[in-house]
Amino acid sequence: MSASAAPAEAVPRTMPLWLTLVLATACGLLVANLYYAQPLTGPISDSLGLTSGAAGLIVTLTQAGYGLGLLLLVPLGDLLENRRLVACIVAACALALAVAAMSTTALPFLLASLATGACAVAAQILVPYAAHLAPEPVRGRVVGNVMSGLLLGIMLARPGSSFITSFAGWHAVFFISAALTAVLAVVLWRVLPARRPQTSMRYGGLLLSMARLWRSQPVLRHRAFAHAGLFGAFSLFWTAMPLHLARDFGFSQSGIALFALAGVAGAVVAPMAGRLADAGQKRPGLARGGMLAALALGAASFPLALLGSGTPAIVAMLLAGILLDAAVTLNLILSQRAVFALGDAIRSRVNGLFMAVFFVGGAIGSALGGWAMARGGWELTAWVGFALPAAALLYSATRRAR
C-alpha cells in the first residue's frame, strides 16, 4: 500500500453533490454488513451446525472485528493515502463476504464474520475523509448527508436481510452484499480524490498517540460517553423489540421486518442535524441545546413505547422507534461535527475512538435488552432503555458546554 504524496490540487475545495451521494452510499453498504446476520442467527446456525449456545458468535465476532478495526485500521486514515487505503479495505471486505456466502461449515463462516466486521470500518475512514473534503462552513451539512447513508444502512440491513432470506435463503444475502461491495471498491478507487495526510509518524506511534488523545481531549470523552448511552438505548430497543412483537403480538418475521423498516423514518433528520451542527460552530449554546434535546428525546421514547394495548400499543411503539432513531441521528451528527473540529491531522484517530466507545455502549445495550426481556418482559426492558439516555442526559447537563 503506497504512501506516496498526492498533490494538494487533488483535493477539491468544494463538495459536489454526486461525491456526497457516493460517500453516503458507500457508508451505508459497508456498515450494513454488521447487521445482516442479526435476524438470521436461527437459519444460519441451523445450516452450519452451530449449537444454540454458539449461535451468538455469529453476531459477536462481527462486532468484535468491527471494534478491532476501529482501533487498528481507522487510525491509518491519518497516516496513509486515503483513497488507496479505503479501496483496499473495501476489496478485502468483499472477499470476506464471499467466503461467508460460500461457507457450509461453521469455522470459515465465523472467521469471515470477524474479517467482515474489521473491514466494515472503511466507513469510518470515509466519514472524516468527507469532513476533510468539505469546506468549513458546510462541513456539518456534508457529514450529516454522508451519515444519513450510514444510518440508513444500519436501519435497512435487518429488514432487508430478512426479506431476502424469506425467498432466497441466507446465503443469498452474503452473495449480494459481496457483489455490491466488490463494485463499490472499484467505484471508490476510480472516483475518490486522493488525500495524503501530512505526518511523519509511524504506525506504532500512531496507535500509542490514541491514548494521549483520549486523555487530552475532553470534547471527545464527553461526546463519546453521552452518545454511548443513547446508542445503547437504540441497540436495546431494536434487540428486544423483535422478541416483544413475536412473543406478545404474534408478528411473523416479515411483520417484524416491516416494523423495522418503518423506523427508518427517523433518519430524515440527518440533513437538518447537519445544518444545526454548522450553526453550532458559531453558537456553541445551540449545539449543546441540540445534544441535550436529542438525549431527552431518546429517553422520552421509552415511556411512549409502554402506552396502550393491542393496535394502539403497536402504533405507540412504532412512533417510539421513529423518535429514538431521530434522536440517535441528531446526536451522532452533532457529536461528530464537534469531534471533527478538533483538528484535521487527528480526525481519523478521534473518530475511531469516538465510534469504538459508543459501539461498546451499543453492545452493552443489546446485552441488557436480552437480559431484561428474559427477566421482566417489555416493561422492564423499556425502563432499562429509558435509564441509558437519561443517565447520558444527566451527565451532559452537569458538564461545561462542549
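By the side-chain hydrogen bond (donor to acceptor under 3.5 Å, both in side chains) test, R349 pairs with D78, S209, sequence neighbours left out.
Residues F358 and R223 are not in side-chain contact: their nearest non-hydrogen atoms beyond the backbone lie 4.5 Å or more apart. In this structure, the side chains of W18 and V191 come closer than 4.5 Å at one or more pairs of heavy atoms. Counting heavy atoms from C-beta outward, L70 and L353 have side chains that stay 4.5 Å or more apart. At a threshold of 4.5 Å between non-hydrogen side-chain atoms, the residues L184 and L30 count as touching. Using a 4.5 Å heavy-atom threshold, the side chains of F386 and S301 count as separate.
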Worksheet entry | Verdict with supporting geometry, F174 and F109, ring-ring contact (aromatic ring centres under 6.0 Å, His included) | CA-CA 11 Å; F174 293 93; F109 181 87; 5.6 Å; yes
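Of the possible donor and acceptor atoms, one in the side chain of N82 sits under 3.5 Å from a partner among the backbone N and O of L80. Under a 3.5 Å cut-off, the side chain of N331 and the backbone N or O of V328 do not form any donor-acceptor pair. Side-chain atoms of Q217 do not come within 3.5 Å of backbone N or O of L220 as any donor-acceptor pair. With hydrogens and angles ignored, the 3.5 Å screen pairs a side-chain donor or acceptor of W378 with a backbone N or O of A305. Not a single donor-acceptor pair under 3.5 Å links the side chain of R347 to the backbone N or O of L342. At least one donor-acceptor pair closer than 3.5 Å links the side chain of H171 to the backbone N or O of A101. Side chain of T165 to backbone of S161: a donor-acceptor contact under 3.5 angstrom is found. Using modelled atom types, one side-chain atom of Y203 and one backbone atom of L72 make a donor-acceptor pair closer than 3.5 Å. In this structure a side-chain-to-backbone donor-acceptor pair under 3.5 Å is missing from R195 to L133.
If you take CZ on R158 and CZ on F163, they are separated by 14.0 Å, rounding to the nearest 0.5 Å.
Residues in residues 116-125 take part in these side chain to side chain donor-acceptor pair (under 3.5 Å) pairs, two or more places apart or across chains: Y66-Q124, Q124-N351. For residues 95-115, no residue pair satisfies the side chain to side chain donor-acceptor pair (under 3.5 Å) rule, not counting sequence neighbours.
What you find for L380 and A372 is that their closest heavy atoms are CD2-O, 3.8 Å.
Side-chain rings of F234 and F237 stay apart, their centers remaining 6.0 Å or farther from each other. Ring centers of F225 and W214: under 6.0 Å apart, within the cut-off. Between Y395 and H222, the ring centre distance stays below 6.0 Å.
Judged by the 6.0 Å distance and 45° axis criteria, R83 is positioned over the aromatic ring of W189.
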